[in-house]
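Notes to accompany the following structure.
In what follows, every heavy atom counts, from backbone to side chain, and hydrogens, waters and symmetry copies are set aside. Remember, it's a predicted structure, so these values are computed and weren't measured experimentally.
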Amino acid sequence: MFRLGSSLFITVLCFAGTSAMAQSTATPTDAQIAHIAYTAGQIDIAAADLALKKTSNNAVKAFANETVRDHTAVNQKALALLDKLKVKPEDNELSVSLAGAAAEQQQELSKLSGTAFDKAYAENEVAYHLTVIGALETTLIPSMKNGELKSLLENRLTLFKQHQNDAQQLVSQLK
């Protein structure tokens, strides 16, 4: 059941991103990219919060706590930098699509419990991080104009890669 849900989530996520970018021939603005990146972090925090409520597995708890800690810190840095640069994050079709797809996935995950939840959560984290890494590398970072914001995204890319590796290890532990 989860694999279908996970595949659906990734399909929706990829479709949403492709559709949003295709409808706009313009490169996303720094303000739009900032909102997308912030939304991606918030989505991961929400998933981790759900895991902390549902799991009794210590490895899952540790990963979820790390996720909340790291993404909260990065989002706080991002908001401080945006405030300093007087850039207001701009909601856009892609950030709205990401949030909608994540809400659907959260509903699917919330129906699970025990080992089934733990495995589904870990597999979703792997897939989600791979998707975000791809978006950062191919669209968001190359499109960012402001050097300070670009540097922040590059740091976020490093964080997402580390979390993807940690999630993959968690999946291996749970099998």
Side-chain angles (χ1 to χ4, degrees), residues 1-21 32-79 89-136 139-140 153 156-175:
M1 178 176 152
F2 172 75
R3 289 197 187 277
L4 177 61
S6 179
S7 296
L8 175 63
F9 175 68
I10 296 306
T11 300
V12 169
L13 191 62
C14 292
F15 176 76
T18 303
S19 174
M21 293 300 177
Q32 291 170 333
I33 294 168
H35 199 279
I36 294 164
Y38 182 82
T39 300
Q42 288 302 108
I43 288 168
D44 214 15
I45 290 168
D49 285 339
L50 179 63
L52 291 169
K53 290 176 187 166
K54 293 192 66 89
T55 192
S56 59
N57 182 298
N58 288 334
V60 173
K61 285 181 185 179
F63 177 78
N65 278 319
E66 175 186 318
T67 297
V68 170
R69 181 196 67 227
D70 292 350
H71 285 292
T72 298
V74 170
N75 276 355
Q76 288 174 345
K77 287 180 188 174
L79 290 175
E90 184 180 310
D91 203 5
N92 56 81
E93 193 172 334
L94 182 54
S95 62
V96 170
S97 295
L98 288 172
E104 289 177 25
Q105 184 62 20
Q106 284 280 85
Q107 286 180 358
E108 291 299 314
L109 284 173
S110 68
K111 295 175 187 175
L112 302 174
S113 61
T115 303
F117 172 83
D118 294 340
K119 288 179 181 179
Y121 168 70
E123 289 173 356
N124 183 66
E125 286 297 297
V126 170
Y128 181 70
H129 283 87
L130 287 172
T131 300
V132 173
I133 289 165
L136 284 166
T139 303
L140 303 178
L153 281 185
R156 179 161 269 183
L157 175 61
T158 300
L159 176 67
F160 267 96
K161 285 181 176 180
Q162 180 60 51
H163 283 193
Q164 190 277 326
N165 287 333
D166 293 347
Q168 188 62 54
Q169 289 177 10
L170 184 58
V171 167
S172 296
Q173 290 175 7
L174 294 171
K175 287 192 176 191

Using the side chain to side chain contact (heavy atoms under 4.5 Å, CB included) rule, pick out the option among Leu130, Ile133, Val132 that qualifies with Lys161.
-> Ile133
Where is the tightest heavy-atom contact between [X] and [Y], given as atom of each residue plus distance?
X      : Y      : result
Ala47  : Gln106 : CA-OE1, 3.5 Å
Ala64  : Ala51  : CB-CB, 4.0 Å
Ala122 : Ala167 : O-CB, 4.2 Å
Phe63  : Asp166 : CE1-CB, 3.7 Å

Side chain of [X], backbone of [Y]: donor and acceptor closer than 3.5 Å?
X      : Y      : value
Thr72  : Val68  : yes
Lys54  : Ser110 : yes
Gln173 : Ala59  : no
Asn124 : Ala120 : no

Would you compute the distance between atom [atom1] of [X] and atom [atom2] of [Y] and round it to the nearest 0.5 angstrom?
X      : Y      : atom1 : atom2 : value
Leu153 : Ile36  : CG    : CD1   : 9.5 Å
Phe160 : Tyr128 : CZ    : OH    : 5.0 Å
Asn92  : Ile33  : CG    : CD1   : 9.0 Å
Leu98  : Gln42  : CG    : CD    : 12.5 Å

Would a 4.5 Å heavy-atom cut-off, applied to side chains only, mark [X] and [Y] as touching?
X      : Y      : value
Asp44  : Glu125 : yes
Leu50  : Phe117 : yes
Arg156 : Asn75  : yes
Gln164 : Val126 : yes
His71  : Leu159 : yes
Asn57  : Leu174 : yes

Plane angle bin for His129 and His163 - parallel if under 30°, tilted between 30 and 60°, otherwise perpendicular | perpendicular
Given Asn165 and Gln169, is the side-chain hydrogen bond (donor to acceptor under 3.5 Å, both in side chains) satisfied, shown in steps?
-> CA-CA 6 Å; Asn165 287 333; Gln169 289 177 10; over 6 Å; no
Thr55 side chain to Asp118 side chain, donor-acceptor N/O pair below 3.5 angstrom = yes
